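To find a chain, count down the sequence lines: A is the first, B the second, and so on, and within it residues start at 1. Please read these numbers as outputs of a predicted model, since none were measured by experiment.
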Amino acid sequence: MELITTPDELRAAIAELAAETFIGFDTETTGLDPHRSQLRLLQFASRNQSYILDLFHFPPDALQPVLDLLAASQPIKVAHNAKFDAEFLRKHHGIRLGMVFDTYLASLLISAGNESDRHGLEPVAARYLNVEMDKSFQVSDWSGQLTESQLEYAARDAQILLPLREKLQEKLDELELMQVAKLEFDCVNAMAGMELAGIYLDADCWRAQVAQTKAAYDQAAAKLQKELSAGAPQMSLFEEATSSINLDSPTQIREALGRLGIKVESTSEWRLHNLAREHPVIALLLDYRGLSKSLSAYGLSLLDHINPVTGRIHASFRQIGSPTGRMGCTSPSLHQIPHEKHYRQCFRAPAGRKLVVADFSQIEMRILAEMSNDEALLAAFNSGEDLHRATAANMLNVPLEEVTTEQRSKAKGLNYGIIYGMGAEGLANRISVSTTEAEGLIQRYFAAYPGVARWLQNAADTAVRERRSRTMLGRLWAFSFDPTDRQQLGALKRVGKNAPIQGTGSDLFKRAVKAVDDRLQGQDAQIVHCIHDEIVVECDEVIAEKIARLVSSTMIKAGKEFLPRIPVEVDAKVTDAWLK
DNA sequence: TAGAATCGCCAC
DNA sequence: AAACGTGGCGATTCTA
């Protein structure tokens with residue numbers, strides 16, 4: 001291990017590192033938030049030497065060679081969760097990390113959805129190299145005088161990455177995951193940029209929204225409490241004041257309903273929904289639940305996530321958030337903000353700026369058409385007609401213009417349900433028809449789209465036979481369902497149908513995210529949010545229309561790579577707030 | 001009593 | 001007494 005303390009030593013180290021194909025790269029920082037913490041150490045490893053650069057004791061104006069090395073596409077930087085390091089480099093030194101091999105993402109891909117595998121550097125090194133690493137220094141104080149053992153720890157982290165990459169590369173090749181790995185590695189910079197930028201939330205707007213909800217909630221709670229207590233035994237005023245029903249407790253609600261003569265097995269929404277018309281108290285309960293959810297999940301606590309330095313919300317994105325490759329988002333989960341206007345209008349563009357909200361239209365149905373090669377479905381998309389209307393026409397063998405609103409709505413339910421492996425009962429529930437009618441509809445659907453029927457059957461069979469599935473780019477999900485268990489077999493078939501579609505959607509979307517992020521370089525525009533098939537960009541208002549066209553065309557081009565036989569449509573809007 | 005498990009519900 | 005997929009999160013209830 002060599003501690004670099006002078007520009008001369010740095011030049012020599014860079015010369016050696018630059019000659020490599022791969023170098024290990026890691027950083028130590030004084031904290032986890034790039035906006036509030038400092039970069040302390042940069043650690044590099046070549047095949048035979050490791051270097052540490054202490055940024056607290058090195059002239060800042062002599063750093064350029066190392067920044068150039070990091071920004072260059074060669075050598076490839078091997079890092080564990082490179083997004084983290086990339087954010088600090090972008091924030092404090094204004095550079096984008098060049099080509100990376102991310103051992104964290106590689107490990108996730110190789111695990112193929114196995115939830116028991118952990119993916120920190122320590123467990124990954126243990127799993128693939130049989131090396132025991134002591135990570136206890138990770139949380140040590142990296143802001144003061146560093147001890148020799150801290151430096152050794154730091155160097156070791158970078159050193160292990162090269163042998164780890166070799167092993168992971170072997171596995172990726174073996175499992176034919178290199179294409180999807182490349183896709184993921186290429187997406188790291190876009191993810192880093194998005195997290196670092198964050199999204200602006202108008203706090204006053206949000207507070208007003210919460211206050212309004214709170215008032216409605218109080219009213220609904222009081223009314224519901226009164227109605228539910230009607231069946232309770234007579235109580236003194238004191239008892240009434242102290243022993244009220246906990247409206248958030250399914251158990252207590254069930255008991256209270258029972259006293260009113262309404263017997264229910266469970267108080268879940270789908271079960272209560274049909275009873276709401278018959279019993280006003282149930283409608284009241286559902287109303288209360290909506291407001292309660294709104295206050296707890298989308299209440300003032302969201303404001304706690306506003307970063308004091310930037311004034312914006314920097315959610316944590318997980319690039320591979322599920323076995324299908326969809327991203328995950330936490331702290332807060334910006335993926336589950338309701339789309340009612342009073343919530344989303346608070347996510348805004350600051351003064352002088354605009355948001356471009358762009359999403360792929362019906363992308364999973366298009367993927368189904370492409371993968372299944374179903375002639376009628378392909379034709380439906382290529383005709384440019386409304387998909388659900390065309391589906392209804394195909395199912396009922398009637399001309400397009402004769403399709404009624406109700407028929408279209410049922411066809412829509414089928415189109416969405418089918419990609420989740422839905423059965424007759426599920427469909428019946430969803431579009432409010434009898435199970436018999438639902439069975440008939442599904443039969444008609446498969447008669448209209450026989451290629452889809454064949455593809456779905458094959459996907460389910462393959463899932464049961466091989467207990468795994470792949471996307472167009474080869475992303476793998478090894479299922480842990482037990483096919484001898486009846487229920488799990490059902491789930492296995494449904495996931496077998498859905499995973500290739502949803503997963504290919506992820507592949508396609510990530511290609512788009514990377515491409516859009518690349519195209520926005522050098523412009524006053526930045527991706528600030530991603531939700532499965534939607535990209536939100538914040539930019540200077542003067543260039544917003546141009547950016548919208550750029551984002552849209554870039555997304556379509558990325559989509560076309562996956563869907564050569566189907567038109568790809570993107571709805572892109574320039575707005576002041578996160579609204580469509 | 002703290003953490004795990006479950007319920008219920010938001011997104012795509 | 002559900003079973004159309006993927007997730008996260010807050011409140012309640014269970015468990016040791």
Side-chain angles (χ1 to χ4, degrees), chain A residues 113 115 245-254 263-274 285-286 288-299 301-302 305 315-318 320-340 343-344 359-365 367-368 413-431 435 438 442 456 459-460 463 469 471 475 477 479 481 486-506 509 529-535 578 580:
Chain A
E115 283 174 2
I245 298 159
N246 180 344
L247 302 178
D248 296 321
S249 159
T251 320
Q252 293 185 34
I253 288 285
R254 211 170 72 107
K263 306 278 182 229
V264 283
E265 297 289 337
S266 125
T267 65
S268 53
E269 204 275 341
W270 71 272
R271 208 180 277 275
L272 292 179
H273 200 78
N274 297 329
L285 171 63
L286 293 176
Y288 165 82
R289 282 214 180 136
L291 292 161
S292 167
K293 167 79 180 175
S294 179
L295 270 187
S296 61
Y298 317 110
S301 59
L302 189 70
H305 288 101
S316 300
F317 284 86
R318 276 181 310 147
I320 300 176
S322 83
T324 59
R326 296 224 301 206
M327 294 172 190
C329 178
T330 58
S331 322
S333 172
L334 296 180
H335 279 174
Q336 55 188 131
I337 302 294
H339 47 226
E340 281 110 304
Y343 298 104
R344 294 211 173 180
D359 70 321
F360 284 109
S361 160
Q362 293 163 335
I363 196 65
E364 291 190 340
M365 279 306 295
I367 289 168
L368 174 63
L414 269 160
N415 275 328
Y416 279 110
I418 221 75
I419 49 187
Y420 300 141
M422 185 171 62
E425 277 180 37
L427 178 67
N429 217 318
R430 185 174 181 93
I431 63 174
T435 307
I442 291 175
L456 287 170
S469 79
T471 65
R475 187 189 303 276
W477 184 355
F479 303 122
F481 298 104
R486 221 178 74 84
Q487 277 201 333
Q488 290 193 51
L489 178 65
L492 178 57
K493 287 178 180 172
R494 289 191 297 275
V495 178
K497 292 171 188 171
N498 177 257
I501 303 171
Q502 189 182 119
T504 300
S506 308
F509 184 65
H529 195 23
C530 284
I531 321 107
H532 309 313
D533 63 355
E534 173 181 327
I535 298 177
W578 181 21
K580 283 181 202 167

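No engagement by A:Gly328 is indicated, since no non-hydrogen atom pair under 4.0 Å with the nucleic acid exists. Note on A:Gly423: only backbone sugar-phosphate atoms sit closer than 4.0 angstrom, heavy atoms only; bases stay farther off. Here A:Ser331 lies in heavy-atom contact (under 4.0 Å) with sugar-phosphate atoms only. Residue A:Ile337 is in sugar-phosphate contact alone, with no base atom involved, counting any heavy-atom pair closer than 4.0 Å across all strands shown. Counting non-hydrogen atoms under 4.0 angstrom, A:Arg486 reaches nothing in the nucleic acid.
Between the OH atom of A:Tyr298 and the P atom of C:dG8 there is a distance of 14 Å, given to the nearest Å. Atom pair A:Met365:CE and B:dC12:C1' shows a separation of 15 Å (rounding to whole Å applied). If you measure from atom CH2 of A:Trp477 to atom C1' of C:dG5, you get 8 Å, rounded to the nearest angstrom. Taking atom CG of A:Leu334 as the reference point, atom P of B:dA11 lies 13 Å away to the nearest angstrom. For A:Lys580 and B:dC12, the NZ to C1' distance is 9 Å, given to the nearest whole Å. When rounded to the nearest whole Å, the span between CG of A:Leu489 and P of C:dC4 equals 13 Å. Nucleotide C:dG5 holds its P atom 11 Å from the CE atom of A:Met422, rounded to whole Å. With rounding to whole Å, A:Arg326 atom CZ is found 13 Å from B:dC10 atom C1'.
For A:Ala315, the side chain to side chain contact (heavy atoms under 4.5 Å, CB included) criterion is met by A:Phe317, A:Cys329, A:Pro332, A:Leu334, not counting sequence neighbours. Judged as a salt bridge (charged side-chain N to carboxylate O under 4.0 Å, His left out), and not counting sequence neighbours, the contacts of A:Asp359 are A:Lys580.
Nearest to the side chain of A:Arg344, among C:dG5, C:dC9, B:dA11, sits B:dA11. Distances from the side chain of A:Asn429 to the nucleotides C:dA2, B:dC10, C:dT6 place C:dA2 closest. Checking B:dC10, C:dT6, C:dG8 against every side-chain atom of A:Ser322, the shortest atom distance belongs to C:dT6. Comparing atom distances between the A:Arg318 side chain and each of B:dA11, C:dG8, C:dC4 picks out C:dG8 as nearest. If you check B:dC12, C:dG8, C:dG5 against the side chain of A:His532, the one that comes closest is B:dC12.
Salt bridge annotation for A:Glu364-A:Lys497: absent, with no cationic side-chain nitrogen under 4.0 angstrom from a carboxylate oxygen.
Along DNA chain C, the nucleotide nearest to A:His305 and the one nearest to A:Pro323 differ in position, and the one closer to the 5' end is contacted by A:Pro323.
Dashed line: the shortest gap from a side-chain N or O of A:His335 to OP1 or OP2 of C:dC9 is not under 4.0 Å.
Closest of all the heavy-atom pairs between A:Trp578 and A:Glu534 is NE1-OE2, 2.8 Å. Closest non-hydrogen pair, A:His335 versus A:Gly328, comes out as CE1-C, 4.2 Å.
Side-chain contact between A:Phe481 and A:Leu489: absent, with no pair of heavy atoms (C-beta onward) separated by less than 4.5 Å.
In terms of polar N and O atoms assigned as donor or acceptor, the side chain of A:Arg289 never comes within less than 3.5 Å of the base of B:dC9 in a complementary pairing.
Nucleotides B:dA5 and C:dC4 have their P atoms positioned 26 Å apart, rounded to a whole Å.
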